[in-house]
There are 2 protein chains.
Amino acid sequence: MEIKSRLWIEKEGKPFIGFGRINLLKQVDETASISAAAKALKMSYKKAWNLLNEIETLAEQPVLVKNIGGKNGGGTQVTDYGKSLILQFETLNQNCINFLEEEYKKLEL
Amino acid sequence: MEIKSRLWIEKEGKPFIGFGRINLLKQVDETASISAAAKALKMSYKKAWNLLNEIETLAEQPVLVKNIGGKNGGGTQVTDYGKSLILQFETLNQNCINFLEEEYKKLEL
DNA sequence: ATTCGTTATGTTTGGTAAGATATAACGCTC
DNA sequence: GAGCGTTATATCTTACCAAACATAACGAAT
């Protein structure tokens, strides 16, 4: 028996960042490519692009720097702001997990 | 911009109780009827029954007392144990919300 | 100019989950 | 015994979301 949680942050009622999106951002950061990140996470490029696009349209600062064409066809870099989103969400998530683990011990189920 | 969360408790890798199921349990407790609870939550009787059945099969103590036939066709009561599940989950959930609200203030997004 | 791998975007297809429908058993009431 | 409203359960249909497919633009390299 174990406790599970999912958290996310909304903006204008729409999902801004959550587990899946942060994971995707991390992959983009590692691979410097949306398509490579999508492949690594076994999702379609289109889905990955859509998710990233939603993040970008809701964010107040640029999250990605994209290059179309050119050497190796282009690529995508995650901005410092984007990286801070990753870091902040991950620590938040971990803090939540730790908190719930403690609370969970108090229960009698 | 706001933070959202969903938590649930699993047993043997399967969902035991969560937001939706606890809500359903509450309705059953209020209406003393699975079918009335389903109608109130605008879900099919079948779905409600399935959800409750999963809770019951995973729980170690009885959660519901059901009567088929008889006056008014029968009905369903939530046991004390079932009520304790509701109460414990709801306080856990509220504690988590309060915790996240505090953590959220620390972020810079 | 051609090739290449990427970003960008529309369209179509398909698999799954939700809903609708159907049927039976039960036991009190009348 | 007939009727009623409930629990219980199977099957069938539908609607929706996700995946697959298709196509174009781009720019460096050769």
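Keep in mind that the numbers below use all heavy atoms, side chains included, and drop hydrogens, waters and symmetry copies. Just so we're on the same page: letters track the sequence lines, and every chain starts at 1.
Atom NZ in Lys71(A) sits roughly 19 Å away from atom C1' in dT7(C) (whole-Å rounding). When the C1' atom of dT7(C) is taken as reference, atom CG of Asn50(A) falls 13 Å away, rounded to whole Å. When rounded to the nearest whole Å, the span between CG of Leu51(B) and P of dT7(D) equals 15 Å. With rounding to whole Å, Leu52(A) atom CG is found 15 Å from dT6(C) atom P. In this structure, Ile34(A) atom CD1 and dA25(D) atom P are separated by 19 Å, rounded to whole Å. For Asn72(B) and dT7(D), the CG to P distance is 11 Å, given to the nearest whole Å. Remark: P of dG19(C) and NZ of Lys39(B) are 16 Å apart, rounded to the nearest angstrom. Distance Ile68(A) CD1 to dT6(C) P: 13 Å, rounded to the nearest Å.
A donor atom on one side chain and an acceptor atom on the other are not found under 3.5 Å apart for Thr31(B) and Ser33(B). Residues Gln94(B) and Asn98(B) have side chains that bring a donor and an acceptor to within less than 3.5 angstrom of each other.
The two residues Glu2(B) and Tyr104(B) make their nearest non-hydrogen contact at N-OH, 3.7 Å.
Of the two residues near DNA chain D, Ser44(A) and Thr76(B), the one whose nearest nucleotide lies more 5' is Thr76(B). When each of Ser33(A) and Lys42(B) is assigned the nucleotide of DNA chain C with its nearest heavy atom, Ser33(A) is the one assigned upstream, toward the 5' end.
When distances are taken from the side chain of Tyr45(B) to each of dT7(D), dA25(D), dC28(C), the shortest belongs to dT7(D).
Side-chain atoms of Lys46(A) come within donor-acceptor range of the base of dG10(C), with a qualifying N/O pair under 3.5 Å.
Of the side-chain N and O atoms in Trp49(B), none sit less than 4.0 angstrom from OP1 or OP2 of dT7(D). Between Lys47(A) and dA19(D) there is a side-chain polar atom (N or O) within less than 4.0 angstrom of OP1 or OP2. One finds a side-chain N or O of Ser35(A) lying less than 4.0 angstrom from the OP1 or OP2 phosphate oxygen of dT7(C).
A distance of 11.0 Å separates CG of Leu87(B) from CG of Leu92(B), quoted to the nearest 0.5 Å. Rounding to the nearest 0.5 angstrom, the gap separating the CD atom in Glu101(A) from the CD atom in Glu103(A) is 11.0 Å.
Of the possible polar contacts, one joining the Arg21(A) side chain to the Pro15(A) backbone as a donor-acceptor pair under 3.5 Å is found.
Residues from residues 58-67 of chain B with heavy atoms under 4.0 angstrom of DNA chain C: there are none.
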Using the rule given for salt bridge (Lys or Arg N to Asp or Glu O under 4.0 Å), can you reason through Lys11(A) versus Glu54(A), listing the C-alpha separation, both sets of side-chain angles and the distance that settles it, and then say yes or no?
CA-CA 11 Å; Lys11(A) 213 164 175 176; Glu54(A) 282 191 79; over 6 Å; no
